[in-house]
Amino acid sequence: MILATTARPTTYAINTSTNTSEHRRHILQILTQCTSISQLKQVHAYTLRTTTFDNTDTLFLYSRILHFASLHDLNYSFQLFSNLENTNSFIWNTLIRACAHSNNRKNEAFLLFYKMVTNVEPDKHTFPFVLKACAYLFALSEGKQAHGFALKLGFDSDVYINNSLIHFYSSCGCLKDARRVFDKMPERSLVSWNVMIDALVQSGEFESALRMFSEMQKIFEPDGYTVQSVLDACASFGALSLGMWVHAYVLRKYESFLDFDLLVNNCLLNMYCKCGSLDIAVQVFERMSKRDLNSWNAMILGFAMHGEVEEAFRCFDEMVIKRVIPDSITFVGILSACNHRGLVDEGRSYFDKMVFEYKIRPVLEHYGCLVDLLARAGRIVEALDVVSNMPMKPDAAIWRSLLDGCCKKNADIELSEEVARKVIESEGSDTSGVYVLLSRVYATANRWDEAGLIRKLMTDKGIKKDPGCSSIEINGVFHEFFAGDTSHLHTREIYKFLDVIEERLKLAGYVPDLSQASMVDELDNGKRRSLKLHSERLAIAYGLLKLKPGIPIRIFKNLRICSDCHNVTKLISKAFDVEIIVRDRVRFHHFRNGSCTCKDYW
DNA sequence: AAAAATAATG
């Protein structure tokens with residue numbers, strides 16, 4: 001009984017049916033000591049017995065009970081709510097907040113809001129809760145209605161509401177509306193800036209995000225969350241030098257980031273991994289005074305994406321020894337490590353370990369790794385077997401992995417066609433890659449008629465291949481190149497240098513490998529020429545021209561590197577005695593002295 | 001009483 005746990009149990013007996021503020025304060029005091037729903041129910045019963053509904057203060061009391069109840073049992077909150085004799089906005093807000101913060105009843109937040117407006121007038125606290133739920137549910141029209149309502153009530157300049165609006169619009173993919181809200185705000189908090197920067201980062205507008213970051217610094221000192229968003233942008237964009245600048249900034253102002261130590265370190269770790277500086281990432285990791293699961297996961301994923309498979313495994317063992325329990329993401333990292341080295345047996349055994357030892361239910365990502373692992377190792381039948389037995393619908397990426405596996409030599413054409421049909425049938429998928437792959441299947445088998453047919457199909461359907469694009473950072477400036485690009489300021493120099501490279505490579509015995517040239521846009525123009533003009537070649541040539549000897553060339557590419565470019569890059573690294581680090585769509589390649597860390601398996 | 005807030009297969 002709750003009374004037994006309080007300091008002065010007798011007080012209650014005397015205090016029965018008093019409506020004094022002291023009595024209410026007392027109940028609030030007991031409430032804060034509640035740890036279970038049964039204790040809470042006792043307080044609730046006691047409150048019902050000893051207080052009468054008379055004013056806002058009583059409602060406040062009930063809202064606290066309601067709030068505490070929602071932490072354990074939202075049904076109970078609803079029940080409590082339905083028994084209230086009258087309500088005010090406070091009570092409604094509490095319930096809406098409870099729904100918005102719940103993990104399974106978020107959709108009711110907006111329904112409650114609907115009901116609320118017919119009973120009482122929402123106040124400025126109502127909207128952040130409603131918008132949070134809308135943001136989570138991508139409920140664009142509902143959120144817009146709430147926005148309209150807020151304007152009608154004259155909350156145009158409320159910082160909290162506007163911040164929520166920015167977040168809501170950006171989560172729903174309406175970056176422009178988010179930006180409009182931000183621009184119109186008469187007053188902005190550090191957080192407003194953080195929300196807007198993060199919105200830009202989440203929408204892939206890295207350059208704008210970074211521009212806004214420098215703008216912000218004229219007004220506010222960045223905090224841990226700013227740094228998080230900015231490092232995230234650096235990681236995605238490959239902006240190593242800015243990332244290092246942020247690192248230096250954090251070290252210089254370390255007192256302001258003391259509370260964010262772990263978060264910032266994890267973000268730095270991730271940033272260095274994704275910007276190709278695995279060695280610095282390892283240093284950050286090793287010097288961390290505190291690590292959490294995320295740190296281990298980021299490190300394992302980092303090793304995996306750099307093809308340091310043994311290190312990834314070692315890291316996994318170490319975390320297990322340190323009694324950090326791996327989660328679903330840890331295994332995504334480990335499986336992708338297996339994937340990058342074609343370690344089918346290890347992959348299978350880690351998958352089983354995950355399911356049986358750690359009782360983690362595999363999700364689409366795990367199946368994606370496994371299918372890709374098998375398909376790339378040429379074990380298409382096994383891969384298909386996994387696909388037909390997995391408990392969820394395969395996504396387009398999984399079908400594409402299968403198809404990709406079919407592109408290997410000795411491809412089974414019938415099987416490939418079957419797979420291709422499935423991909424194209426699977427609605428909503430992005431099909432351009434499928435056509436490219438299928439045409440490659442035919443090309444591999446020298447069935448040029450079909451290959452041509454696919455090509456015609458693509459033209460008819462207006463399907464365009466994603467253009468390959470590579471970027472390189474030189475003195476803090478990013479240079480972007482598309483295949484065959486002639487728009488760069490130093491185009492003439494670059495093309496001249498490409499010839500120099502070619503001459504040198506010929507001396508080293510280079511013969512072009514045309515097998516992966518996609519005929520879709522290259523057959524007519526002569527494959528050889530277009531291979532030479534793949535975007536990464538232009539970027540590498542520019543790097544060789546502009547960077548000082550001894551500085552590694554870092555290239556970011558949006559697609560996977562083709563086998564000919566891979567070969568050429570290896571040769572360049574030897575012929576020009578330079579380290580070249582390429583981040584392609586799926587992983588890093590470190591080229592050094594004529595070989596690559598992917599060991600030619602990618 | 002209030003907003004956002006790591007990392008994830010290809």
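A, B, ... follow the sequence lines: proteins, then strands. Residue 1 opens every chain.
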Which nucleotide in the set [options] lies at the smallest distance from any side-chain heavy atom of [X]?
X	options	result
A:Gln228	B:dG10, B:dA4, B:dT6	B:dT6
A:Glu365	B:dA2, B:dA3, B:dA8	B:dA8
A:Asp232	B:dT6, B:dG10, B:dA8	B:dT6
A:Arg97	B:dG10, B:dA8, B:dA2	B:dA2
A:Val332	B:dG10, B:dA2, B:dT9	B:dT9
A:His101	B:dG10, B:dA1, B:dA3	B:dA3
A:Leu263	B:dG10, B:dA8, B:dT6	B:dT6

How many Å lie between [atom1] on [X] and [atom2] on [N], as a whole number?
X	N	atom1	atom2	answer
A:Leu335	B:dT9	CG	P	11 Å
A:Phe127	B:dA2	CZ	C1'	12 Å
A:Ile398	B:dG10	CD1	P	12 Å
A:Phe260	B:dT6	CZ	P	13 Å
A:Met212	B:dA4	CE	C1'	15 Å
A:Leu343	B:dT9	CG	P	18 Å
A:Phe351	B:dA8	CZ	C1'	15 Å
A:Leu28	B:dA1	CG	P	10 Å

Give a yes/no verdict on base stacking between B:dA2 and A:Tyr160: centres under 5.5 Å, planes within less than 30° of parallel.
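Aromatic stack with B:dA2 present for A:Tyr160.
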
5'-most by nearest nucleotide on DNA chain B - A:Gln202 or A:Asp223
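The residue mapped nearer the 5' terminus is A:Asp223.
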
Which residues in [range] have a heavy atom closer than 4.0 Å to any atom of DNA chain B?
range	value
residues 171-194 of chain A	A:Ser189, A:Val191, A:Asn194
residues 129-136 of chain A	A:Phe129, A:Lys132
residues 267-274 of chain A	A:Asn270, A:Lys274

Mind checking whether A:Phe149 and A:Phe113 have parallel, tilted or perpendicular rings, split at 30° and 60°?
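Ring orientation of A:Phe149 relative to A:Phe113: perpendicular.
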
Assess whether one donor atom and one acceptor atom, taken from the side chain of A:Asn93 and the base of B:dA1, lie less than 3.5 Å apart.
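Result: at least one qualifying N/O pair found.
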
What's [X] touching, base or sugar-phosphate or nothing? Going by heavy atoms closer than 4.0 Å.
X	value
A:Asp123	base
A:Asn265	nothing
A:Arg585	nothing
A:His125	base
A:Asp158	base
A:Leu301	sugar-phosphate

Would you say the side-chain atoms of A:Asn88 pair up with the backbone N or O of A:Ile91, donor to acceptor, closer than 3.5 Å?
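Judged by distance alone, yes, a pair lies under 3.5 Å.
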
State whether A:Arg180 and A:Asp177 are salt-bridged, where the test is any N-O pair (Lys NZ or Arg NE/NH1/NH2 against Asp/Glu carboxylate O) under 4.0 Å.
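Result for this pair is yes, salt bridge flagged.
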
Below 4.0 angstrom, N of the basic side chain to O of the carboxylate: do A:Glu205 and A:Arg179 qualify?
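No salt bridge links A:Glu205 with A:Arg179.
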
Between [X] and [Y], does any side-chain donor sit less than 3.5 Å from a side-chain acceptor?
X	Y	answer
A:Asp123	A:Thr126	yes
A:Asp352	A:Ser349	no
A:Trp193	A:Thr226	no

Report the C-alpha separation of A:Glu215 and A:Arg211 in whole Å, then their side-chain angles, then the decisive distance to 0.1 Å, and conclude whether the salt bridge (charged side-chain N to carboxylate O under 4.0 Å, His left out) test is met.
CA-CA 6 Å; A:Glu215 185 113 341; A:Arg211 217 174 303 130; over 6 Å; no

Kindly list each side-chain donor-acceptor pair under 3.5 angstrom involving residues 295-309 of chain A, sequence neighbours excluded, with atom names and distances?
{"from": "A:Ser295", "atom 1": "OG", "to": "A:Asn266", "atom 2": "OD1", "distance (Å)": "2.8"}
{"from": "A:Ser295", "atom 1": "OG", "to": "A:Asp292", "atom 2": "N", "distance (Å)": "2.9"}
{"from": "A:Ser295", "atom 1": "OG", "to": "A:Asp292", "atom 2": "O", "distance (Å)": "3.2"}
{"from": "A:Ser295", "atom 1": "OG", "to": "A:Asp292", "atom 2": "OD1", "distance (Å)": "2.9"}
{"from": "A:Asn297", "atom 1": "OD1", "to": "A:Thr330", "atom 2": "OG1", "distance (Å)": "2.6"}
{"from": "A:Asn297", "atom 1": "ND2", "to": "A:Asp327", "atom 2": "OD1", "distance (Å)": "3.1"}
{"from": "A:His306", "atom 1": "ND1", "to": "A:His590", "atom 2": "NE2", "distance (Å)": "2.9"}
{"from": "A:His306", "atom 1": "NE2", "to": "A:Cys273", "atom 2": "O", "distance (Å)": "2.8"}

Return the set of residues passing side chain to side chain donor-acceptor pair (under 3.5 Å) with A:His566 (not counting sequence neighbours), or none when no residue passes.
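A:His566: side chain to side chain donor-acceptor pair (under 3.5 Å) contacts with A:His589.
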
Which pairs pass side-chain hydrogen bond (donor to acceptor under 3.5 Å, both in side chains) with one or both residues in residues 60-70 of chain A, sequence neighbours excluded?
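Of all non-adjacent pairs touching residues 60-70 of chain A, those that pass side-chain hydrogen bond (donor to acceptor under 3.5 Å, both in side chains) are A:His67-A:Arg97.
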
Tell me whether A:Tyr254 at atom OH has more than 12 heavy atoms from other residues, nucleotides or ligands lying less than 6.0 Å away.
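Incorrect, the count does not exceed 12.
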
Quick check: closest heavy atoms across A:Phe556 and A:Cys275, and the distance to 0.1 Å?
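Closest pair (atom of A:Phe556, atom of A:Cys275, distance): CZ-CA, 4.0 Å.
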
